[in-house]
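Quick caveat: nothing in here was measured; it's all calculated off a predicted structure. Whatever order the structure lists them in is the order used to number ligands and atoms, beginning at 1.
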Amino acid sequence: MRVHVLNVGSLRWARGIVGARTTGQILRGVARGRRSSGPTDVVPMLSYVLEHDDGHLVIDTGVGQALAERFRTESDLVSRRALEVTVDPDTEVGPQMRAIGLRPEDVRLVLLTHLHFDHAGGIEHFPNAEVLVHRTEWDGRTAFGGNYWRLQEPAWTGVGGPRLYDLAPEPYGPFDASLPLTDHGDVVVLPTPGHTRGHVAIAVRTSDLTLLFTGDHLVRQSWYAADLTRGMQPFNIIAKLTADTNRRLQRFVTEFPTLVLPTHDAEAAENLARWEPLNLVYGDSGFHATPASSTPRSENG
Ligand SMILES: [Zn+2]
């Protein structure tokens with residue numbers, strides 16, 4: 001199985017929002033506005049393409065230029081103050097797949113970690129795929145910021161609507177529920193609520209590593225490791241659910257050799273090429289993580 005990471009655009013956040021650990025840090029970021037942003041406040045939007053034996057599979061799709069433009073001109077003031085979206089039509093997920101010799105028409109499954117527009121906004125590139133959406137996520141699509149943060153309904157016309165699924169009460173490692181998607185059971189959906197209520201991660205088992213596609217639950221694998229080293233729990237929107245998901249993730253990566261691949265990780269391509277498990281070692285001074293974080297995060301004051 002080959003895994004491709006495609007960079008399909010970028011998000012520029014106001015300083016302090018990316019990797020924020022408290023609601024206060026996010027609100028202070030909004031107050032500063034996006035003109036305050038520095039280098040680590042710009043994150044890529046990634047789309048992962050897996051050439052699987054059962055057919056091509058895509059995890060998160062980025063956003064197309066039309067939707068990005070609607071976000072820029074029509075979303076509420078707070079959103080516009082906090083975030084700028086940059087998309088180039090030539091580097092949307094469809095054209096990029098063609099550029100590496102893959103046909104978007106051949107994609108069988110599109111998996112969305114959640115329905116935020118920067119993950120679900122590129123589905124129109126996959127006319128023959130089933131687009132799988134966790135029912136809890138679908139039911140919550142009109143929650144806070146629903147109009148522009150969640151995928152807008154018109155985008156579903158032409159792709160036949162989402163195929164909704166429920167997770168089965170089948171434990172998978174530290175997770176209480178799961179849903180295998182392939183005959184071999186090597187691609188499994190896991191519940192990771194926190195960023196949104198219906199957020200999921202996708203675990204893909206290979207011969208030596210589990211690839212864990214964590215959507216927006218984490219920003220970067222290296223930051224997550226560094227946070228655990230310092231005894232912190234990275235922040236997500238629904239704090240209580242996040243703390244529980246973090247505990248399970250932490251157990252997951254210690255139980256299985258895991259490479260964590262979030263959707264906005266600027267180091268994802270490098271980490272994929274290195275093909276090494278995230279190594280969290282619990283010692284006297286708390287968690288010790290290798291590879292250690294090499295990228296300083298913006299100051300979250
Ligand atoms: Zn999101």
Check: Per the side chain to side chain donor-acceptor pair (under 3.5 Å) rule, which among Thr245, Asp216, Thr242 passes with His195?
Finding: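 So, applying the side chain to side chain donor-acceptor pair (under 3.5 Å) to His195 and each of Thr245, Asp216, Thr242, only Asp216 qualifies.
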Notebook entry, point to check: Near the Zn ion (ligand 1), meaning under 2.8 Å, how many protein N/O/S atoms are there?
Noted result: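 Protein N, O or S neighbours of the Zn ion (ligand 1) under 2.8 Å, waters not counted, come to 4.
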Next item on the list: Would you confirm whether the ring centroid of His264 sits within less than 6.0 angstrom of the ring centroid of His119?
Entry: yes
Next item on the list: Taking the six-membered ring for Trp and the full ring for Phe, Tyr or His, determine whether the centres of His134 and Tyr165 are under 6.0 Å apart.
Entry: yes
Next item on the list: For the pair Asp166 and Arg135, evaluate salt bridge (charged side-chain N to carboxylate O under 4.0 Å, His left out) and give the outcome as yes or no after the intermediate values.
Entry: CA-CA 6 Å; Asp166 295 298; Arg135 191 184 306 278; 3.0 Å; yes
Note to self: salt bridge (charged side-chain N to carboxylate O under 4.0 Å, His left out), that's the test. Do Asp176 and Arg248 meet it? Break it down for me.
What the structure shows: CA-CA 10 Å; Asp176 295 336; Arg248 291 174 201 273; 3.3 Å; yes
Notebook entry, point to check: Is the shortest heavy-atom distance from the side chain of Pro104 to the side chain of Val93 under 4.5 Å?
Noted result: no
